[in-house]
Amino acid sequence: MTKPRTPARFRAFWLAAAALVLGSSGCDDFKSPPRRPKAAVPPAATLSGTVDCRAGPAGATAANAASLNTMPWFPFGRLEAGWAVYEPLIAAEIGARCPAGSAAFAARLAIWQKTHGLGGAGVLEPATFEAMKQEWTARRPFVAASHRACPPPPPQASLVTARADESYGGKVILLRPAALAAYRAMAAAARAALGPTVDAGTFTLFSGYRAPAADDARCASAGDCQNLTRAAC
């Protein structure tokens with residue numbers, strides 16, 4: 001039986017994001033987690049006196065180690081086996097610096113779950129991942145922009161074109177120069193972190209600038225105007 005695989009576009013997003021937020025460190029589990037506007041996980045300073053980094057919730061350590069490469073689930077609507085591909089991003093979210101099968105990882109995950117009203121068993125399961133997805137999505141600039149008036153579009157002449165090997169299917173992708181430079185730095189860092197075995201197409205760009213008038217016309221002609229598939233701004 002063929003092992004379920006993570007869709008390339010989603011795998012690219014999570015791995016590239018993880019490459020940006022993760023730094024190298026030892027197994028010092030209690031460093032301050034990323035900032036978030038609501039329900040922040042308590043920083044290391046408030047935890048060091050009350051939490052033993054060598055211990056975690058009963059049974060959680062073994063459960064996480066067992067499910068890491070085997071758990072059948074549908075994080076993006078398609079069957080996948082395990083959550084190893086998302087481990088770096090989850091670790092960054094909860095402020096963990098130890099492997100997913102460690103007690104310290106389970107302890108940090110339990111704290112995140114408690115601050116988000118998800119009990120606190122310290123076991124990674126679909127409901128916890130779904131809550132994390134909602135937070136990650138809410139932090140994306142285009143989502144934040146959709147809740148306020150759109151800024152004026154940049155002059156198209158000021159944009160640059162990504163190389164064919166940088167775009168999904170070789171289609172034309174227009175970006176602001178700084179955005180293209182940031183993408184290239186991110187992709188290079190991710191590839192360096194993951195090694196030569198990473199699929200060459202993993203970090204390709206799927207979409208970029210769309211002229212508002214052209215996008216409005218496409219929306220009207222195709223009858224597809226939902227904000228997840230068209231440019232809201």
Is a side-chain donor-acceptor pair under 3.5 Å present for W136 with E93?
-> yes
To the nearest 0.5 Å, tell me how far I173 CD1 sits from R163 CZ.
-> 13.5 Å
Where A110 and G120 come nearest, the two heavy atoms and their spacing | CB-O, 3.4 Å
For the atom pair CG (L109) and CD (E125), what is the distance rounded to the nearest 0.5 Å?
-> 8.0 Å
Keeping the roles fixed (side chain from Y183, backbone from A178), state whether a donor-acceptor pair exists under 3.5 Å.
-> no
From CZ (R108) to CD (Q113), nearest 0.5 Å | 12.5 Å
Is there a path of hydrophobic side-chain contacts, each under 4.5 Å between heavy atoms of I, L, V, M, F, W or Y residues, that connects Y168 with L174?
-> no
Test item: S167 side-chain N/O and K171 main-chain N/O as donor-acceptor pair under 3.5 Å = yes
Atom of T61, atom of A103 and distance for their closest heavy-atom approach | OG1-CA, 3.2 Å
Scanning both residues in full, the closest heavy-atom pair of F105 with A96 reads CD1-CB, 3.8 Å
Please name the pair of heavy atoms, one in M71 and one in P126, separated by the smallest distance, quoted to 0.1 Å.
-> SD-CD, 4.4 Å
W83 side chain to L124 main-chain N or O, any donor-acceptor pair under 3.5 Å?
-> no
What are the two closest heavy atoms between A60 and A121, and how far apart are they?
-> CB-O, 3.4 Å
Check whether any side-chain heavy atom of Y209 lies under 4.5 Å from a side-chain heavy atom of P154, and answer yes or no.
-> yes
pair P75-Y86: side-chain heavy atoms closer than 4.5 Å | yes
Identified side chain to side chain contact (heavy atoms under 4.5 Å, CB included) partner of T128 from the options I94, L118, V123 | L118
Do side-chain atoms of S158 reach the backbone of P155 as a donor and acceptor pair under 3.5 angstrom?
-> yes
Partners meeting salt bridge (Lys or Arg N to Asp or Glu O under 4.0 Å) with E130 (sequence neighbours left out) = K133
Between E166 and the options L175, T161, T204, L180, the side chain to side chain contact (heavy atoms under 4.5 Å, CB included) test singles out L180
Any chance you could measure F129, atom CZ, to I90, atom CD1, to the nearest 0.5 Å?
-> 5.5 Å
Near R176 CZ, under 6.0 Å, is it more than 12 heavy atoms from other residues, nucleotides or ligands?
-> no
Taken to the nearest 0.5 Å, the spacing of L79 CG from F74 CZ works out to 4.5 Å
Go through the steps for E135 and H116 under the test side-chain contact (heavy atoms from CB on, under 4.5 Å), then give the verdict.
-> CA-CA 11 Å; E135 291 219 352; H116 290 76; 2.8 Å; yes
